[in-house]
Amino acid sequence: FLNNFNHLHISCFPPSIYYFTNMKTSLVVSVLATLCQSALSLEEGSYTIGSSLQSNEVLTQTGIGAPLAFYPKRDGGSSQTWHFTLSSASQRDFLISDPAGNFINCGDEAGSPCIVGSEQEIYTTELVGDNSYQLVAKKSGYFLRTDGDGLQLAEWDQSPNEVFVLEPAQ
């Protein structure tokens with residue numbers, strides 16, 4: 001009898017009440033998702049890009065057109081400083097450049113080494129832990145990955161090679 005009563009009780013509300021309740025719930029969920037994305041997203045600024053595999057090594061610009069490499073961190077090294085500039089309304093899409101305005105270029109094929117060049121490529125930051133991010137090339141969907149001392153595009157494999165520690169540059 002109680003089940004029938006509950007069914008009757010609920011069905012006494014007009015359908016518009018259910019629609020309104022679902023709309024309110026959707027709105028609340030959307031607002032929370034937006035707030036969480038803003039709170040957890042990387043801010044524009046200058047950072048060093050560290051390898052999660054080698055805590056004392058950071059991404060270093062070795063010359064225009066030359067493959068990027070990880071070298072021991074030097075205090076105040078401009079070749080190890082990277083500017084993250086928002087590229088769209090998404091709080092996760094960035095252009096990444098050196099102090100001279102050259103951009104990280106990785107192409108669009110898996111296995112391509114990353115270099116410093118003039119093409120503006122967009123990278124999406126995905127938070128995976130404290131100051132730890134995965135960087136995804138927006139154009140190809142491939143992840144950036146350490147490869148020995150270098151940096152290249154690769155398919156996602158959840159390895160620590162795809163995790164980078166971003167720390168504010170001094």
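Just so you know, residue 1 is the first one in the sequence shown, and it goes up from there. Values below: all heavy atoms of this structure, side chains included; hydrogens, waters and symmetry mates excluded.
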Under the side chain to side chain contact (heavy atoms under 4.5 Å, CB included) criterion, do F84 and E44 qualify, and how do the steps go? CA-CA 5 Å; F84 283 68; E44 277 190 322; 5.9 Å; no
Does K139 form a side chain to side chain contact (heavy atoms under 4.5 Å, CB included) with E121? I'd like the steps, not just the answer. CA-CA 7 Å; K139 179 167 65 171; E121 293 182 4; 4.1 Å; yes
Stepwise side chain to side chain contact (heavy atoms under 4.5 Å, CB included) check, C106 with L144: CA-CA 8 Å; C106 298; L144 297 188; 3.5 Å; yes
Stepwise side-chain hydrogen bond (donor to acceptor under 3.5 Å, both in side chains) test for T124 and D93: CA-CA 4 Å; T124 301; D93 293 342; 2.7 Å; yes
Before giving the answer on side chain to side chain contact (heavy atoms under 4.5 Å, CB included), spell out for E162 and E155 the whole-Å C-alpha distance, their side-chain angles and the decisive distance to 0.1 Å. CA-CA 10 Å; E162 295 175 348; E155 291 189 27; over 6 Å; no
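The backbone N or O of G50 lies less than 3.5 Å from no partner atom in the side chain of T48, so there is not a single donor-acceptor pair. Counting only distance, with no hydrogens or angles, the side chain of S159 and the backbone of D157 share no donor-acceptor pair below 3.5 Å. A distance-only check finds a donor-acceptor pair linking the side chain of Q80 to the backbone of R74 [under 3.5 Å]. Judged purely by atom type and a 3.5 angstrom limit, N105 uses its side chain to pair as donor or acceptor with the backbone of E119. The closest donor-acceptor contact from the side chain of S52 to the backbone of V163 lies under 3.5 Å. Put simply, the side chain of Y123 gets close to the backbone of I104: a donor and an acceptor are under 3.5 Å apart.
For the pair N56 and K73, the minimum side-chain heavy-atom distance is 4.5 Å or more. Residues W82 and L59 meet the side-chain proximity criterion, which asks for heavy atoms closer than 4.5 Å. In this structure, L68 and T60 have side chains that are not in contact, with every pair of non-hydrogen atoms separated by 4.5 Å or more. Using a 4.5 Å heavy-atom threshold, the side chains of I96 and I49 count as touching. In this structure the side chain of Q134 reaches within 4.5 angstrom of the side chain of F143, judged on heavy atoms. Side-chain contact between V58 and Y71 is absent, with no heavy-atom pair separated by less than 4.5 Å. Between D147 and N161, every side-chain heavy-atom pair lies at or beyond the 4.5 Å cut-off. Between F94 and I122, the closest side-chain pair of non-hydrogen atoms is not below 4.5 Å.
Residues S87 and L95 come closest through the heavy atom pair CB-CG, 4.1 Å. Across V136 and G141, no two heavy atoms sit closer than the pair CG1-O, 3.6 Å. Here the shortest heavy-atom pairing between E43 and Y47 reads O-OH, 2.9 Å.
Expressed to the nearest 0.5 Å, how far OG of S112 lies from CD of Q152 amounts to 8.0 Å. Distance check: R92 CZ to L135 CG gives 11.5 Å after rounding to the nearest 0.5 Å. The structure places CG of L151 at 9.5 Å from OG of S51, a figure rounded to the nearest 0.5 Å. Distance CH2/W156 to CZ/R145: 11.5 Å, rounded to 0.5 Å. Within the model, atoms CD of Q120 and OG of S97 stand 9.0 Å from one another, a figure rounded to the nearest 0.5 Å.
Taking the six-membered ring where tryptophan is involved, the planes of F70 and F164 are essentially parallel, since the angle between them stays under 30° and well short of 60°.
Remark: the H83 side chain and the S46 side chain contain an N/O donor-acceptor pair separated by less than 3.5 Å.
When hydrophobic clusters are built by joining Ile, Leu, Val, Met, Phe, Trp and Tyr residues whose side-chain heavy atoms come closer than 4.5 Å, directly or via intermediates, V128 is not grouped with L166. V165 and Y133 end up in different hydrophobic clusters when Ile, Leu, Val, Met, Phe, Trp and Tyr side chains are linked at under 4.5 Å. Transitive grouping of hydrophobic side chains (ILVMFWY, heavy atoms separated by less than 4.5 Å) brings L153 and V116 into a common cluster.
Q61 is linked by a side chain to side chain donor-acceptor pair (under 3.5 Å) to D98, counting only residues two or more places apart in sequence or in another chain.
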